[in-house]
Each structure stands twice: as C-alpha cells, then as structure tokens.
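I have placed the structure first, in the form of structure tokens, so that the comments after it can refer back to it.
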There are 4 protein chains.
Amino acid sequence: MSSSPPPRGRPRDPRSHEAIISATAALVVEVGYAATSIGAVAARAGVGKDTVYRRWSGKAELVFEAVFTTTDDAPIPDTGTLTGDLAVLLESLVDEFRTPAGTAALPGLLADFAADPALKARIRTHFLAPSKDRLVVIFDRAAQRGEIAADTPVNLVLDTLAGAVFFHIALVGESPTPQLAGQLAAMISRGIQIR
Amino acid sequence: MSSSPPPRGRPRDPRSHEAIISATAALVVEVGYAATSIGAVAARAGVGKDTVYRRWSGKAELVFEAVFTTTDDAPIPDTGTLTGDLAVLLESLVDEFRTPAGTAALPGLLADFAADPALKARIRTHFLAPSKDRLVVIFDRAAQRGEIAADTPVNLVLDTLAGAVFFHIALVGESPTPQLAGQLAAMISRGIQIR
Amino acid sequence: MSSSPPPRGRPRDPRSHEAIISATAALVVEVGYAATSIGAVAARAGVGKDTVYRRWSGKAELVFEAVFTTTDDAPIPDTGTLTGDLAVLLESLVDEFRTPAGTAALPGLLADFAADPALKARIRTHFLAPSKDRLVVIFDRAAQRGEIAADTPVNLVLDTLAGAVFFHIALVGESPTPQLAGQLAAMISRGIQIR
Amino acid sequence: MSSSPPPRGRPRDPRSHEAIISATAALVVEVGYAATSIGAVAARAGVGKDTVYRRWSGKAELVFEAVFTTTDDAPIPDTGTLTGDLAVLLESLVDEFRTPAGTAALPGLLADFAADPALKARIRTHFLAPSKDRLVVIFDRAAQRGEIAADTPVNLVLDTLAGAVFFHIALVGESPTPQLAGQLAAMISRGIQIR
DNA sequence: TCATAATCGAGACGGTACGTCCGGTCTTTCA
DNA sequence: TGAAAGACCGGACGTACCGTCTCGATTATGA
C-alpha cells in the first residue's frame with residue numbers, strides 16, 4: 001500500500017499541459033507530422049522547450065497523446081451478430097483514423113514508434129489496447145453464440161483490421177468510402193466464422 | 001517512335017548508381033531509416049551529394065529503390081486452391097518485409113510517401129503493383145473455379161493483406177511465426193469465398 | 001541615525017551563507033569561472049537557488065566574495081625604503097592572484113564587473129580599495145622621506161601595479177617567478193622617485 | 001618546399017567572411033561582448049551558423065579578429081628618446097583599447113582567452129606580438145644610446161604597459177585623460193633607465 | 001496562543017544560446 | 001557535360017542556464 005511520494009517543489013501547471021497539447025494538435029494538422037517541431041509547439045503554446053521535454057520524451061509521445069487520446073467511453077457494440085459488432089468497431093476505428101489530425105499524424109507516428117524499441121512496446125499496450133479490449137468482449141460473445149471458435153487469434157485479427165484501415169486511410173487516403181467498415185467487417189467475420 | 005535524346009557531355013557512371021544503392025541499403029540496416037541521410041549515403045558511396053540528387057528526388061525514393069526492388073520473377077502461384085495461392089503470395093510478402101532492410105525501412109518509408117502527395121500516388125502504382133498483378137490472376141482463376149465472386153474487391157483485399165503483414169512485422173515485430181502467412185491466407189480466403 | 005528595521009519573519013540561516021561560499025570557491029577551482037553556475041552552486045551547497053539570489057545579485061558578486069575576501073589584517077609594510085615597501089605590497093598582491101581560486105576567477109570576474117556599470121563602480125571601492133589604502137600610507141612615508149613628490153598619482157601607480165600582475169598571472173600565467181614582485185617594485189619605485 | 005594542397009570543392013566566399021566580421025564588430029559595440037552570440041552574428045550577417053563555425057572556433061576567436069586586427073603599418077616611433085618612443089607606442093595602445101569595440105570586447109575577450117589553454121597561448125603570439133616587436137626595436141635603440149641596459153626585460157615591461165592601460169580603460173573606463181600615455185611613458189622609462 | 005511574515009529546499013516556468021547535423025543548392029576544379 | 005568536393009543558408013535538435021515563480025514546511029516576531 002505504497003502511497004505516492006509527497007510532491008516537492010512547484011507543481012506543474014496544468015494550463016501548460018493543455019496549451020502544449022492544443023498547439024501540437026493544431027500544428028500537426030496545419031503543417032503535418034514531419035514539419036511539426038518541438039520548438040514550434042513550445043513557441044505556439046507560449047511555453048519553454050524544457051516544459052515540453054519535462055513531460056514528454058519527444059515528438060512521438062507528444063503527438064500520440066495530442067491526437068489519439070480518445071476517452072473511448074462508447075459502449076462495447078452488441079448488435080447480436082459478429083459481423084455487426086465488427087462493423088461498429090471498425091466504424092469507430094475508421095473515424096479515429098480519418099480525423100484530420102489522425103490522418104496527418106498516423107504514418108509518421110507509427111514510423112517513429114517502430115524505430116524506437118521503447119516506444120514500440122507501447123503500441124500494443126496503449127495504441128491498440130482499447131480496441132483489443134473491445135474485440136475480446138466481442139469475440140467472447142460470438143464464441144458463446146457458437147459463431148467462432150474459442151481460440152480465435154485476437155491479435156492476428158486486430159492487426160489485420162488495424163492494418164487494413166491504416167493502409168487504406170493513410171496510403172490511399174482521400175476519404176474512404178462509407179462502406180469500408182462494413183465490407184471489412186463482413187469479410188473478416190466470414191473468415192473466422194465456424195463452417 | 002521516341003528517339004532517345006542525343007546524349008551530351010560525360011555520360012553518367014553506372015558504378016555510381018550501384019555504389020549509392022549499396023551504401024543506402026547498408027546504412028538503412030545499420031542505423032535505421034530516420035538516421036540515414038543523403039549526405040552519409042554519398043560519403044559512404046564515395047560520391048558527391050549532387051550525384052545522388054541528380055538521380056533521386058530524396059531519401060524516400062532512394063531507399064525505396066535500394067530496398068524494395070525485387071525482380072519478382074517468381075511464377076504466379078497456382079496450387080489449385082485460393083487458400084494455397086494466397087498462402088504462397090503472402091509468404092513472399094512476409095519474406096520481403098522481414099528482410100533486415102525491409103523491416104528497418106518500411107515504416108519510415110510509408111510515412112514519407114504518405115506525407116508527400118506526389119509520392120503517395122506511387123504507392124499503389126509501384127509499391128503494391130507487383131502484388132496486385134499476381135492477385136488479379138489468382139482471383140481470376142478462383143472465380144473461374146467458382147470459389148469467389150467475379151467482382152471481389154482486389155484493392156480491399158490487397159490493402160488488408162499488406163496492412164496485416166505490415167502491422168505484424170513492423171509494429172509488433174520480433175520474427176513473425178512461420179504460420180502467419182498460412183493463417184492469414186486461410187482467414188481471408190474463407191472471408192471472400194462464396195457461401 | 002538609521003536604526004536597523006526590526007527583523008520580521010524567519011531569520012536567514014548563517015550556515016546556508018557559509019555553505020554557498022564554500023561551494024562557490026570549490027566549483028570555481030574545479031570547473032573554472034565560466035562553468036560555475038548559480039544552479040550548480042546551490043545544488044552543491046544543498047540550498048535552493050533563491051537562497052543564493054536572496055543574498056547576492058549574481059555570479060560576479062558571489063564569486064568575488066567567495067574568492068577575494070582577504071581580511072588583510074597584515075600590517076602596512078614599513079621597510080624604510082619605497083622599493084622595499086612596494087615589494088612587500090606586491091608580494092601579497094601576487095599571492096592573492098596566484099591562488100588557484102584567484103587565477104581561475106579573476107579574468108572572468110573582471111569581465112563581468114566591467115560589463116555591468118553598477119558592478120564596475122565597485123572595482124575601485126571594493127576590489128582595489130585595501131591595496132590603495134596601504135599604498136597611500138606607503139606614499140606618505142616616502143614623500144616625508146623625500147623619495148617621491150607629494151602629488152604622485154596613486155591611482156595611476158595602483159592600476160599599473162595591479163594591471164602588471166594581472167596580465168602576468170592571468171594571461172601569461174604558469175607560476176610567476178619569485179622575483180616578479182621585486183622586479184616590478186624596483187622598476188616602479190625608480191620610475192616615480194625624484195631625480 | 002611543400003606547396004599548399006590543391007584546393008578542392010567550392011571555395012569559401014570572402015563576402016561571407018567580411019559580412020561576419022562586420023556584424024560581429026557592430027554587435028559587440030551595440031550589445032556588449034557577453035550578449036554577442038554566434039547565432040545573432042550569423043543572422044545579422046545573413047549567413048548560416050555553420051559558415052561561422054567553419055572559420056572560427058568560437059566567439060573569442062571571432063571577436064578577436066573582428067576587433068583587434070589593426071594592420072599596424074604605422075612606422076616604429078623614433079623620437080630620439082626612450083620616453084618619447086614609449087609615449088607614442090602607448091598612444092597607439094590606448095587608442096586601440098579606447099575604441100568602442102575595443103572597450104566593449106577586451107575584458108570578456110581576455111577572460112575567454114585565459115580560460116582556454118589553447119587560446120591562452122595565442123595572447124602573446126597574436127595579441128601582444130605587434131607591440132612587442134616595436135618595443136624590442138625601441139629598446140635596442142635606447143640601449144645603443146646608453147639609456148637602458150641591454151638586458152632590460154621586454155616582457156615584463158610589456159605586461160606592465162598593457163596591464164596598466166587595460167586596467168585603466170576597462171575597469172575605470174570613461175575616457176582616459178589624454179595625458180595617460182605620457183604619464184605612463186615617463187614613469188616606466190624613468191624606471192628602467194640607467195642611473 | 002495565534003496571526004503575520006520571512007526563509008528554506010525543491011523544482012517548474014518562459015527564454016535564450018549552445019554547437020551539431022541535415023537538406024537541398026551552388027560553385028569550384030578536373031575529367 | 002558529369003562528377004567529387006565542399007561551402008552556402010536555413011532550421012531543428014536536445015541540453016544547460018538564466019532569474020523568477022510557486023509550492024509546502026519551518027522559524028522567528030508581535031498581538
């Protein structure tokens with residue numbers, strides 16, 4: 001039952017935190033991920049560079065928090081069929097990736113994460129974790145209904161879904177069709193269903 | 001009827017071209033994509049920077065040519081079943097992405113391509129084109145066998161396959177299981193088969 | 001008849017004062033004047049930065065007090081001749097400048113003092129004052145003996161003596177010869193003696 | 001008879017050199033030595049920082065060249081007496097130190113030189129060398145006239161003269177009296193004359 | 001006894017400069 | 001004309017200090 005150590009010194013100003021996050025999100029949209037520099041973020045937030053580096057290790061972590069912190073309080077989909085549940089899940093994934101900030105940030109972000117082993121480990125635990133949690137529940141229900149096997153590989157499916165959306169959005173770009181989520185959901189659900 | 005323009009002045013030295021490509025491939029493996037700079041490539045190749053810029057527009061194009069120019073002269077798989085054909089296709093895709101150079105280069109490369117509209121257009125036409133050509137043939141044969149519908153969306157499947165492999169290799173990484181290609185092939189082929 | 005204002009609040013801890021002075025002197029010797037920072041001094045003294053700034057206006061004043069606070073309780077030399085008196089005076093001046101801390105601090109200290117008009121005024125009143133007081137007495141006695149004129153310019157001679165020692169120690173450096181004080185004393189005393 | 005190696009690559013642009021020197025001299029006068037930064041110099045000269053660092057190791061070397069490169073083509077004084085010669089020599093020394101740039105730069109410059117062993121060695125060879133050459137000739141003539149001994153210590157006298165002027169200008173400042181050079185010359189020459 | 005007030009260690013704050021590295025271009029000489 | 005060499009301007013990097021500020025805690029005085 002170790003309580004957090006008593007805070008010493010001047011506490012960090014939450015307004016700085018928020019100003020940095022807003023400035024980052026705005027810059028990523030305006031100039032893109034590559035051209036977004038810590039210095040420019042700090043200047044725009046009216047903040048010293050140290051104040052940024054004190055909270056984030058670098059551009060990747062900062063942009064990740066600025067762009068991909070969805071509270072994700074939406075209920076886990078429960079439409080009664082695996083296809084329907086996957087479609088809802090994919091819809092939200094597509095929506096997140098389609099955001100101006102999301103589209104601008106994702107490719108560079110993944111590249112920076114992949115290049116740094118320390119950050120790489122966080123992709124599963126932070127970036128994909130919310131989706132995985134939901135997917136596990138969806139799979140459980142589908143297994144109970146007898147739609148899929150109990151040992152259906154969640155990670156493989158998750159990589160496939162995320163990878164498909166990423167390739168489609170980031171690399172083909174330009175407003176994915178509204179049917180994308182449905183098509184993908186249909187294909188994948190059929191691919192893992194029993195029979 | 002296009003006659004080649006009359007060459008004037010000193011012709012380009014083909015050894016420079018090869019030296020640059022080798023130096024690039026080596027550097028990408030050794031220091032990663034982000035830390036690979038045109039200047040370092042030129043120095044390592046014993047070449048002036050202009051000689052690099054004269055042939056490639058920038059790092060992305062150079063690395064792409066250095067890392068992903070598989071002659072791809074392997075015959076198009078024809079195992080008799082869609083699952084088998086896809087498995088062979090995916091095997092070669094995994095092999096390409098699993099290369100040290102491939103793993104090191106791919107995320108950064110996609111990011112740079114995605115950030116530049118001019119380059120972005122080439123992803124489909126250059127990066128995915130060979131795979132697409134093969135996939136089209138595979139689909140044709142499967143459609144003739146009655147396995148899949150004639151209007152199965154090739155691009156969607158291709159994005160899904162490539163995206164799944166990319167996410168698995170580049171972001172989760174650490175030596176994909178040998179079963180990966182087979183698992184994916186089974187899932188996707190079932191997903192698009194009739195019935 | 002200014003009575004000191006009644007002290008309110010927590011009194012300053014004299015141990016902090018001393019710890020800061022010692023830390024400063026040690027740091028100046030170890031890393032030099034330029035690399036001595038207020039932050040490093042405070043950390044080494046186990047003290048907050050404000051505790052330093054509350055007592056000294058900046059690095060120059062702090063280092064000056066830490067390095068050049070000779071109590072100077074030695075008796076004013078009275079050897080019977082101007083040359084002898086000057087030699088003794090110069091000896092102590094050389095000794096002060098030759099200290100590890102003195103050598104390390106002096107050039108940077110003079111630069112910082114010279115750059116700030118407020119500090120500049122203190123060079124004469126604080127830095128050179130003790131020597132000047134002694135020189136005045138020495139000159140008085142020499143004038144009474146008839147060795148020099150009564151209006152011999154004290155400041156000019158003092159600047160010359162201090163400047164000569166400073167240039168020799170700080171800029172040419174490397175352990176001044178033991179004869180330095182004597183040679184200088186002889187030259188200058190002859191230079192101002194009558195006839 | 002080693003000839004200089006044949007120059008390769010683009011030669012350095014002499015206009016950059018001159019622009020940097022002018023910008024440096026102007027900045028030193030306007031904001032002082034301490035507040036003169038390489039970045040500000042480069043910006044003012046319309047030049048990249050690398051272009052500055054390519055030619056000078058740092059601020060000290062740059063400011064030294066910008067401020068103290070007197071062509072010194074004035075003839076060596078020959079007034080017929082040691083006192084007169086010294087007065088002329090000192091006059092030029094005072095003039096050099098009294099320059100706005102000189103006054104602003106000298107204390108900080110000496111501090112930076114003194115702090116760096118590599119630069120320290122250049123003080124005698126570059127900073128004081130011209131004056132020393134002239135002083136040697138002056139002393140030779142004076143010795144031939146029988147005014148001074150042949151082994152009069154040139155370096156000691158030179159340090160004394162330079163130190164006296166430096167202390168007077170840099171630390172007391174504010175326009176030294178026109179008599180300064182004459183007074184000093186008289187004092188020192190009497191101090192080293194025979195008898 | 002309690003309010004007032006100054007000091008203490010700690011550390012966050014907005015700024016500024018550091019010296020290095022790249023990018024992409026330009027200007028030499030030599031082939 | 002191509003090529004190697006390398007200088008050019010601009011700008012980002014991540015670190016260090018500056019001098020100020022804001023905490024909670026401590027230690028004195030005066031009501």
Side-chain angles (χ1 to χ4, degrees), chain A residues 6-17 19 34-43 45-55 57-59, chain B residues 7-13 15-16 34-43 45-55 57-59, chain C residues 6-13 15-16 34-43 45-55 57-59, chain D residues 6-17 34-43 45-55 57-59:
Chain A
R8 307 254 281 153
R10 175 178 178 175
R12 294 185 182 171
D13 190 335
R15 287 172 309 182
S16 297
H17 190 102
T36 297
S37 70
I38 300 279
V41 166
V47 144
K49 280 201 286 178
D50 271 6
T51 302
V52 178
Y53 281 111
R54 212 174 280 126
R55 296 158 206 256
S57 72
K59 185 163 71 166
Chain B
R8 303 255 294 153
R10 175 176 175 174
R12 291 186 184 170
D13 189 337
R15 287 171 311 179
S16 295
T36 298
S37 67
I38 300 281
V41 166
V47 144
K49 282 204 284 180
D50 275 4
T51 303
V52 178
Y53 282 110
R54 213 172 282 126
R55 296 162 205 249
S57 72
K59 182 162 74 165
Chain C
R8 302 255 294 157
R10 175 176 177 175
R12 293 183 183 173
D13 189 336
R15 287 172 310 179
S16 295
T36 297
S37 69
I38 301 281
V41 165
V47 142
K49 282 203 286 179
D50 274 3
T51 304
V52 178
Y53 281 111
R54 213 174 281 125
R55 296 160 205 251
S57 71
K59 183 161 76 165
Chain D
R8 306 256 282 154
R10 176 178 175 174
R12 295 186 182 170
D13 190 335
R15 287 171 310 180
S16 296
H17 190 103
T36 297
S37 70
I38 301 279
V41 165
V47 146
K49 281 203 285 179
D50 271 7
T51 304
V52 179
Y53 282 111
R54 212 174 280 127
R55 295 159 207 254
S57 70
K59 184 162 75 165

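Just so we're clear, the structure is a prediction, and the values are computed from it rather than from any experiment. Per chain, numbering begins at 1; letters A, B, ... match sequence-line order.
In this structure, D:K59 places its NZ atom 10 Å from P of E:dA17, rounding to the nearest Å. Rounded to a whole Å, the CD1 atom of D:I38 is 18 Å from the P atom of E:dT16. One can place CZ of C:R8 at 13 Å from C1' of F:dT27, the figure rounded to the nearest angstrom.
Between the side chain of A:K49 and the base of F:dG14 there is at least one donor-acceptor pair of N/O atoms closer than 3.5 Å. For E:dT7, its base sits under 3.5 Å from the side chain of C:R10 at one donor and acceptor pair at least. The base of F:dC8 has none of its N or O atoms less than 3.5 Å from a complementary donor or acceptor on the side chain of D:D50.
In terms of phosphate contacts, C:T51 brings no side-chain nitrogen or oxygen within less than 4.0 Å of OP1 or OP2 of E:dT7. Look at D:S16 and you won't find any side-chain N or O under 4.0 angstrom from OP1 or OP2 of F:dA7. Between E:dC18 and D:S37, a contact under 4.0 Å exists linking OP1 or OP2 to a side-chain N or O. Here B:R55 reaches the OP1 or OP2 of F:dA3: one of its side-chain N or O atoms lies under 4.0 Å away.
Between A:S16 and A:T51 the shortest heavy-atom distance is CB-CG2, 4.1 Å. The shortest heavy-atom contact between A:V52 and A:A42 is CG2-CB, 4.1 Å.
Within the 3.5 Å criterion, the main-chain N or O of A:T36 finds a donor-acceptor partner in the side chain of A:K59.
In this structure, D:G48 and A:T36 both approach DNA chain F, and ranking their closest nucleotides by distance from the 5' end singles out D:G48. In terms of position along DNA chain E, the nucleotide closest to A:R54 lies nearer the 5' end than the nucleotide closest to the other residue of the pair A:R54 and B:Y53. Both C:G9 and B:G58 lie close to DNA chain E; mapped to their nearest nucleotides by heavy-atom distance, the more 5′-ward contact belongs to C:G9. DNA chain F is contacted by both D:A45 and B:A45; B:A45 maps to the nucleotide lying nearer its 5′ end (nearest heavy atom per residue).
D:D13 comes within contact range of the sugar-phosphate backbone alone, with a heavy-atom separation under 4.0 Å but no base atom that close.
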